[in-house]
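Input: a single structure, listed below in structure tokens.
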Amino acid sequence: MPEKPQFRAIKGTRDILPPDTALWNWFEHTAREIFESYNFREIRLPIFEQTDLFARSVGSDTDIVSKEMFTFRLPDGSERLATEGASSSQTGEQVSLRPEATASTMRAYIEHNLQALPGNVKLYCIGPMFRRERPQKGRYRQFYQLNAEILGQSDAPAIDAEVLEMLVVFFKHVGLTRTTLYLNSIGDKNCRPQYVELLRQELLKVKDQLGPDSQRRIETNPLRVLDSKLSQEQEIIAKLPRISDHLCAGCREHFARLKDELKLRGIVYEENWRLVRGLDYYTRTTFEVIAEGLGSQNAVCGGGRYDGLVELLGGPPTKGIGFAIGSDRAILSIQESGNLPVLPGLDVFVAWMGEPTYAAALAIARKLRESGVSVELPGEEMKFKKSLNLADKLGARYALIIGSDEVASCTFTLKRLADADQRKLSEYELLEYLESEKRGTRG
RNA sequence: GUGAGCGUAGCUCAGCUGGUAGAGCAUCGGUCUGUGGCACCGAGGGUCGCGGGUUCAAACCCCGUCGCUCACCCCA
């Protein structure tokens with residue numbers, strides 16, 4: 001009598017179950033291989049940090065920091081672990097679950113003096129992030145990202161281009177086709193404030209034609225008006241001044257050279273002057289990748305340059321660029337496209353018949369497992385028909401049949417379930433055969 | 001934070017103008033004591049999200065509440 005579940009996953013969190021976990025592991029493993037082929041190395045970071053780290057880097061006025069973080073106080077030293085009692089300390093350190101990974105990476109870079117390393121520092125990080133938003137398709141309160149960052153003294157456009165190349169190569173590798181890469185430059189500390197002010201003035205002239213959200217943004221963040229989805233605002237937005245016409249000489253040249261670099265590398269992109277990003281720290285290059293099959297939340301990757309962020313956090317003058325890929329969304333899009341990889345499952349189901357064969361079955365199962373074969377062996381005797389039926393339902397590639405005949409002749413009968421091809425093999429032949437099969441299919 | 005839609009078996013869903021619940025798939029068993037996918041037979045599994053109201057009678061109507069989903073905001 002199953003009872004109603006007493007506990008359920010917290011809103012916005014979810015369980016990822018087999019066989020989906022195989023897809024996730026493959027996705028993340030592919031990322032590691034591609035990123036490391038570009039000489040990125042993994043950094044593992046804490047899942048919570050001082051709240052102020054995020055406030056300063058992401059921007060205390062952003063929605064992420066002002067209303068979407070999971071924030072709590074650590075108990076101070078005078079308290080015991082707070083397993084009981086609601087009286088949480090007001091004096092403890094205020095910390096937050098990370099809403100993104102770049103801030104932590106910068107903190108680690110500064111804390112461990114990574115600027116002392118030779119060349120550019122190239123790091124990637126895989127793990128969960130937390131934002132207290134209302135869940136919807138492709139959006140969770142605990143979600144997963146792949147992050148990559150390049151930090152160093154240089155802001156050469158080739159660095160930006162390499163990051164974008166890696167991104168494109170990765171998406172191609174995981175079968176995430178039908179994506180669009182959007183590219184823009186949003187200027188730097190010199191030219192952007194002037195443009196934002198110009199934009200604000202222009203927006204004020206047409207204020208009464210805008211919706212309430214956009215009217216509010218004129219004061220809070222004029223750039224955000226540019227990516228409004230309201231159809232009645234599109235005509236007005238199209239006439240607004242564009243940042244590409246107001247970049248300073250340095251930013252203009254950087255953007256032009258980046259586009260040359262992308263051409264050299266054969267990267268296809270779409271320039272989008274309305275692409276603005278939500279985090280305060282971005283400068284110059286910004287980009288975003290959108291994918292199909294995702295509903296309204298269709299951005300699978302966002303990133304850009306953030307020169308000056310390390311300094312803002314108390315580190316040495318440093319240039320930086322990076323991106324975040326939303327794994328939940330990327331994997332959802334791959335699933336919706338049906339373009340799924342064939343992932344290894346159960347290789348062999350051992351169908352043994354009668355107690356006298358059990359010892360032989362156990363012995364060969366162990367040997368097969370030692371050679372990397374996935375084996376299922378029922379611990380209780382069952383009818384032979386039922387064994388094969390179960391082997392089939394479990395999706396086994398082979399049934400290994402062991403009865404009194406096989407034990408008497410020291411052989412095994414291997415049956416391929418897909419086409420019922422069946423052969424008698426010695427132990428040596430069996431191991432050889434399955435190992436070569438495994439190599440051939442390249443799991 | 002705002003708005004809309006939906007909550008009936010493990011899953012997908014029926015259930016007419018109110019008369020105290022069904023199907024398919026899945027699971028388990030049998031037909032079937034060394035050859036699976038098929039077929040047939042059978043079994044288990046639901047206080048119809050929860051609480052209240054109307055009624056002789058509520059899965060169905062009304063109110064509330066919780067949950068899920070999608071969208072807005074914002075973002076990966």
Side-chain angles (χ1 to χ4, degrees), chain A residues 1-5 8-12 14 17 58-59 61-69 98-102 126-147 167 211-214 216-217 220-221 224 227-230 275-279 287-291 294-304 322-333 349 351-354 357 381-407 413-422:
Chain A
M1 284 281 258
E3 294 179 15
K4 284 214 163 138
R8 26 178 39 252
I10 303 296
K11 182 199 284 286
R14 58 177 181 153
L17 306 169
V58 178
D61 293 335
T62 61
D63 280 17
I64 291 178
V65 168
S66 65
K67 55 187 194 192
E68 293 175 0
M69 288 206 297
R98 62 182 184 192
E100 58 110 46
T102 302
I126 297 177
M129 307 295 156
F130 305 85
R131 292 181 199 172
R132 227 198 65 179
E133 301 175 279
R134 208 55 170 258
Q136 70 186 72
K137 185 167 187 175
R139 166 190 285 169
Y140 305 95
R141 288 183 168 186
Q142 175 174 339
F143 60 102
Y144 296 82
Q145 283 189 342
L146 313 173
N147 280 265
L167 200 54
D213 283 327
S214 290
R216 179 173 43 78
R217 292 187 195 115
T220 59
N221 192 347
R224 293 236 70 93
D227 66 357
S228 163
K229 292 172 184 168
L230 288 176
L275 171 64
V276 294
R277 313 239 68 255
L279 285 58
F287 53 90
E288 190 169 292
V289 179
I290 63 148
L294 289 176
S296 166
Q297 305 304 323
N298 62 355
V300 291
C301 174
F323 64 74
I325 293 170
S327 300
D328 306 82
R329 292 179 188 178
I331 288 170
L332 183 60
S333 181
F349 184 95
W352 56 277
M353 282 173 280
T357 68
E381 187 166 13
M382 52 175 74
K383 288 180 182 172
F384 187 56
K385 260 185 183 289
K386 190 172 154 59
S387 306
L388 289 185
N389 190 268
L390 185 55
D392 191 49
K393 284 178 181 168
L394 293 176
R397 286 159 53 75
Y398 294 97
L400 185 66
I401 298 166
I402 308 174
S404 50
D405 294 357
E406 282 81 3
V407 169
T413 298
L414 186 69
K415 173 168 186 161
R416 191 192 295 143
L417 291 169
D419 60 5
D421 175 71
Q422 191 166 308

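Letters A, B, ... mirror the listed sequences (proteins, then strands); counts begin at 1.
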Original post:
For nucleotides 65-72 of chain B, read 5' to 3', which letter fits each nucleotide if B means a protein heavy atom sits under 4.0 Å from the base, S means only the sugar-phosphate is that close, and - means neither?
Top reply: --SS-SBB
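- Remark: the separation of the P atoms in B:G5 and B:C74 is 24 Å, to the nearest Å.
- Across the protein-nucleic acid pair, A:Arg132 atom CZ and B:G1 atom P stand 6 Å apart, rounded to whole Å.
- Screening A:Val65, A:Ile64, A:Thr62 for a side-chain contact (heavy atoms from CB on, under 4.5 Å) with A:Pro99, the sole residue that qualifies is A:Ile64.
- Rounded to whole Å, the C1' atom of B:A4 lies 31 Å from the corresponding atom of B:A23.
- Taking the P atom of each, B:C61 and B:G15 are spaced 12 Å apart, rounded to whole Å.
- Within 6.0 Å of the CZ atom in A:Arg224, the count of heavy atoms belonging to other residues, nucleotides or ligands exceeds 12.
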**OP:** Report, as a single string ordered 5' to 3', how protein heavy atoms within less than 4.0 Å touch nucleotides 34-41 of chain B: B base, S sugar-phosphate only, - not at all.
**Re:** BBBB----
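- With the nearest nucleotide of RNA chain B identified for both A:Phe143 and A:Lys67, A:Lys67 has the one nearer the 5' end.
- For A:Arg98 (side chain) and A:Pro128 (main-chain N/O), a donor-acceptor pair under 3.5 Å exists by modelled atom type.
- Atom P of B:G10 sits at a distance of 8 Å from the matching atom of B:G46, rounded to the whole Å.
- Distance CD1/A:Ile331 to CD1/A:Ile325: 10.5 Å, rounded to 0.5 Å.
- Counting only Watson-Crick and G-U wobble pairs whose two key distances fall under 3.5 Å, RNA chain B forms stems of three or more stacked pairs at B:1-7 with B:66-72, B:10-13 with B:22-25, B:27-31 with B:39-43, B:49-53 with B:61-65.
- To the nearest whole angstrom, the two C1' atoms, one in B:U54 and one in B:A71, are 35 Å apart.
- Look at CD on A:Glu288: it is 10 Å from P on B:C75, rounded to the nearest Å.
- Judged purely by atom type and a 3.5 angstrom limit, A:Arg141 has no side-chain atom pairing as donor or acceptor with the backbone of A:Pro135.
- Heavy atoms of A:Arg131 sit under 4.0 angstrom from at least one base atom.
- Residues A:Thr357 and A:Ser404 share a closest heavy-atom pair of CG2-N, 3.9 Å.
- Between the CZ atom of A:Arg14 and the C1' atom of B:A76 there is a distance of 12 Å, given to the nearest Å.
- The backbone N or O of A:Tyr144 sits less than 3.5 Å from a side-chain atom of A:Asp328, completing a donor-acceptor pair.
- The minimum heavy-atom distance linking A:Tyr398 with A:Leu417 is given by the pair C-CD1, 4.1 Å.
- In this model, the phosphate group of B:C73 is not approached by any side-chain N or O of A:Arg216 to a distance below 4.0 Å at OP1 or OP2.
- Between the C1' atom of B:C75 and the CG atom of A:Leu275 lies a distance of 12 Å, rounded to the nearest Å.
- In this entry the distance linking CD1 of A:Ile64 with C1' of B:C75 reads 6 Å, nearest Å.
- The backbone N or O of A:Gly211 sits nowhere less than 3.5 Å from a side-chain atom of A:Ser214 that would complete a donor-acceptor pair.
- For the pair A:Glu133 CD and B:C73 C1', the interatomic distance rounds to 9 Å; values are reported in whole Å.
- Rounded to whole Å, the separation between the C1' atoms of B:C16 and B:C11 comes to 26 Å.
- The line from CD of A:Gln145 to OG of A:Ser327 is 7.5 Å long, rounded to the nearest 0.5 Å.
- Note on A:Ala391: nothing from the nucleic acid sits closer than 4.0 angstrom, heavy atoms only.
- Using a 4.5 Å heavy-atom cutoff, the side chains of A:Glu68 and A:Phe130 are not in contact.
- The interatomic distance linking A:Arg224 (CZ) with B:C73 (P) rounds to 10 Å, in whole Å.
- Straight-line distance between the C1' atoms of B:A58 and B:C50: roughly 15 Å, to the nearest whole Å.
- Comparing the P positions of B:C72 and B:A9 gives a spacing of 31 Å, expressed to the nearest Å.
- In this structure, A:Val58 and A:Met69 have side chains that are not in contact, with every pair of non-hydrogen atoms separated by 4.5 Å or more.
- Going from atom CD of A:Glu406 over to atom CG of A:Leu414 covers 11.0 Å, rounded to the nearest 0.5 Å.
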